[in-house]
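Notes follow once the structure below has been shown.
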Amino acid sequence: MSAVWARGAGKRVPAAVLTVLLAGGCAGSPQPALPTSEQGRSDLIKAAQKVLVDRCMTAHGTAEPRASQEDALFGADPAELEVTLATGHTVRAHTDGCLARAHRHLYGDQARWFRAEVTVNNLRPEAQARLEQDPRYRSALARRAACPEEDTRCARESGLDDLRARLEPARLDAVRAAHREDIATYERLRERALHRAARLLAGRPTPHQKGPDPS
């Protein structure tokens, strides 16, 4: 998953923290093999995004006031992209700024990627919200809430855990079916980003390639 930054309650909040520090690379070499693990693929995209953001911020300069630097990274208000989830939460992002530029380089269509990623990242919360509307679940939740603390027998007899295990998979399947187009877009654009990231970082170590730290 790429690192998405959004603003909430007047603050800029990272949805996925950028932790990889790498120097820039250049394209032009044959397409390298992609990582096979999900963690390796995520690390590759994060590393490439960090390279792009660093280049962009360097070009912008570091002598600007803090507020100007933040705008250069996140973009200036107001946010142009917005997705309101079925849970009622709204996530916003900018089309200007170095993060937005990195997303366009990797994913091509920033707006489509933003919508797809936000939606896919919130499939389980949406399934949970649907589950909480089920009268059977609400009754079991009330029984569980009435149990004294550390009364494991009461908690077990409330039936909440069994009911959740029985109902949650169907809710999640229904949510995935409702968002199958968003999921397909997410997978297609992420695959594009993987190939572009691999070309950008060709010949340079990425986190999944590094060995253990020396003792």
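Quantities reported herein were computed from a predicted structural model and do not represent experimental measurements.
Taken from OH in Y186 to CG in N121, the straight-line distance is 6.0 Å, to the nearest 0.5 Å. Atom CG of residue L201 and atom CG of residue D43 lie 11.0 Å apart, to the nearest 0.5 angstrom. Rounded to the nearest 0.5 Å, atoms CZ (R166) and CG (L131) are 11.0 Å apart. In this structure, CE on M57 lies 8.5 Å from CG on L99, to the nearest 0.5 angstrom. Rounded to the nearest 0.5 Å, atoms CG (L73) and CZ (R101) are 12.0 Å apart. The CG atom of D134 sits 11.5 Å away from atom CG of L141, with the distance rounded to the nearest 0.5 Å.
When only modelled atom types and interatomic distance are considered, Q49 and H103 share a side-chain donor-acceptor pair under 3.5 Å.
In summary, D161 and R144 engage in a salt bridge, as defined by a charged side-chain N under 4.0 Å from a carboxylate O. Using a 4.0 Å cut-off between a side-chain N of Lys or Arg and a carboxylate O of Asp or Glu, D162 and R156 do not qualify as a salt bridge. A salt bridge links E38 with R190; the closest basic N to acidic carboxylate O contact falls under 4.0 Å. Ionic pairing of D54 and K50 is present here: one or more N-O contacts between side-chain nitrogen and carboxylate oxygen are shorter than 4.0 angstrom. Taking a cutoff of 4.0 Å between a charged side-chain nitrogen and a carboxylate oxygen, R115 and D182 qualify as a salt bridge.
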> side-chain contact (heavy atoms from CB on, under 4.5 Å) between R41 and E191: does it pass, once the steps are laid out?
Replying inline: CA-CA 9 Å; R41 291 159 81 89; E191 189 69 19; 3.0 Å; yes
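At distances below 3.5 Å, at least one donor-acceptor pair connects side-chain atoms of N122 with backbone N or O atoms of V118. R130 places no side-chain N or O within donor-acceptor distance of the main-chain N or O of E168, the cut-off being under 3.5 Å. With hydrogens and angles disregarded, no donor-acceptor distance shorter than 3.5 Å links the side chain of R92 to the backbone of A79. Within the 3.5 Å criterion, the main-chain N or O of T185 finds no donor-acceptor partner in the side chain of R112.
Considering only heavy atoms from C-beta on, L163 comes within 4.5 Å of R136 through its side chain.
Placement of L172 and Y137 in two distinct hydrophobic clusters is found when ILVMFWY residues are connected by side-chain heavy-atom separations under 4.5 Å, directly or transitively. Tracing side-chain contacts under 4.5 Å through hydrophobic residues (I, L, V, M, F, W, Y), one never reaches L167 starting from V175; they form parts of separate clusters.
Nearest heavy atoms, H94 versus Q110: O-NE2, 2.7 Å. The heavy-atom pair separating A48 from A197 by the smallest distance is CB-CB, 3.4 Å. Across every non-hydrogen atom of A100 and D96, the tightest pair is CB-O, 3.5 Å. Nearest heavy atoms, A198 versus L34: CB-CD2, 3.7 Å. The shortest heavy-atom contact between P35 and L44 is CD-CD2, 3.7 Å. Residues F114 and E82 share a closest heavy-atom pair of CE2-N, 3.9 Å.
For the pairing with Q128, the side chain to side chain donor-acceptor pair (under 3.5 Å) check across E132, E126, R124 returns one residue only, E132.
The list of disulfide bond (SG atoms under 2.5 Å apart) pairs with a residue in residues 77-129, not counting sequence neighbours, reads C56-C98.
Under a cut-off of 6.0 angstrom, the local environment of CZ in R143 is crowded, with over 12 non-hydrogen atoms contributed by other residues, nucleotides or ligands.
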